[in-house]
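Worksheet: the structure to be examined is printed underneath.
Read the numbers this way: they start at 1 and go in the same order the structure lists the ligands and their atoms.
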Amino acid sequence: MSEAENTKELKLLKDGKRLDGRDYDQLREIQMQLGVLKRPQGSAYLKWGGNKVIAAVYGPRELHPKFLQDPTGAVIRYTYNMAPFSVDDRKRPGPDRRSVEISKISAEALASVVQVTEYPNTVIDVFVEVLQADAGTRCAGLTCASLALADAGVPMKDLVASCAAGKIEGEIVLDLMKEEDNYGECDLPIAVLPNSEEIVLLQMDGHLTREEFTKALDLAKVGCMQIAKMQKKTLLEAVKGGEE
Ligand code: CDP
């Protein structure tokens, strides 16, 4: 029997718990680490359930070719890439429609926090490499990129914390894992600025009623605030570690 046929039989919810034993409103386990690479100005590593993501920040540095420069501020260039070995079926190397879309929306989310006007005519390059994927990689990438930017000392008015909620077997749940993403009814990834609670990314794949949408959005926001707490703790620990 193929994996797809197998999973059709798979019950995503049992006795009020999910496949991995989580409650409906529970995030997967998350670990964050700063300064994991020596060449970039800033870097971070994020392990989020079955996702493993690394982010590297270069710049601000002069943008070439010059016609791409913006005299009013830095350009944020975000490159999301999935390693060929990050998924079950080998992913063809190089950009595709999905990675271009994720890169674009993530760059826009980060541009809302970076104080770009301080660095005219420059580019800030943010590279996100997904080493292992298990759904929610755009959220993991953006969360990790925000940490790498802070590690690089790039001035930001806030962090960006990202998390998805979704619907599986009729229930609204937080932070879908791969089986839930593939065989669930809806995925709603968002990104939030924790200080202002402004939403800087919102996508929806699937269908929700208006009430379900409100419930999922509220739940995803709660998830983002939990993520933001972990980001702040990671940054504070790095500052304290540096002082010792
Ligand atoms: O990762 P994210 O949820 O942000 O994006 P998605 O397009 O909804 O993809 C969900 C998951 O499908 C990914 O995290 C991977 O685990 C898997 N996927 C895959 O196996 N092969 C691809 N080419 C793309 C995604």
Identify, for atom 3 (O) of ligand 1, the protein heavy atom at the shortest distance, and state residue, atom and that distance. Gly136 N, 2.7 Å

Can you report which non-hydrogen protein atom sits closest to atom 1 (O) of ligand 1, along with the distance? Thr137 OG1, 2.5 Å

Classify the contact between Asp181 and ligand 1 as side chain, backbone, both or neither, using a heavy-atom distance cut-off of under 4.0 Å. side chain

Would you kindly say whether Tyr80 and Arg98 are connected by a side-chain donor-acceptor distance under 3.5 Å? yes

In the protein, which heavy atom is nearest to atom 15 (C) of ligand 1, and how far is it? Ala133 CB, 3.7 Å

Just going by heavy-atom distances, which of Asn51, Asp205, Val87, Ile102 is nearest to atom 18 (N) of ligand 1? Val87

Take every heavy atom of Asp134, measure it against each atom of ligand 1, and state whether any distance is under 4.0 Å. yes

for atom 14 (O) of ligand 1, nearest protein heavy atom and its distance come out as Ala135 N, 2.8 Å

Should we count NZ of Lys91 as having more than 12 external heavy atoms under 6.0 Å? yes

Pick one of side chain, backbone, both or neither for how Arg138 approaches ligand 1, counting any non-hydrogen atom pair under 4.0 Å. both

Would the distance check show the side chain of Ser86 and the main-chain N or O of Gln132 forming a donor-acceptor pair, the cut-off being under 3.5 Å? no

Can you tell me the protein heavy atom closest to atom 25 (C) of ligand 1 and the distance? Met82 CE, 3.8 Å

Salt bridge between Arg18 and Asp23, side-chain N to carboxylate O under 4.0 Å? no

Among all protein heavy atoms, pick the one closest to atom 17 (C) of ligand 1 and tell me residue, atom and distance. Lys178 CE, 3.9 Å

With Lys167 as partner, the option from His207, Glu180, Glu212 fulfilling side-chain hydrogen bond (donor to acceptor under 3.5 Å, both in side chains) is Glu212

Would Arg98 count as being in polar contact with ligand 1, using the rule that some N or O on each side must be under 3.5 angstrom apart? yes

Is it the case that the side chain of Glu129 and the backbone of Ala83 share a donor-acceptor pair, with hydrogens and angles ignored and the cut-off at 3.5 Å? no

Between the candidates Gln203, Arg92, Met177, Lys91, which shows the shortest non-hydrogen contact distance to atom 23 (N) of ligand 1? Lys91

Applying the side chain to side chain contact (heavy atoms under 4.5 Å, CB included) test to Trp48, which of Asp134, Asp175, Val53, Thr137 qualifies? Asp175

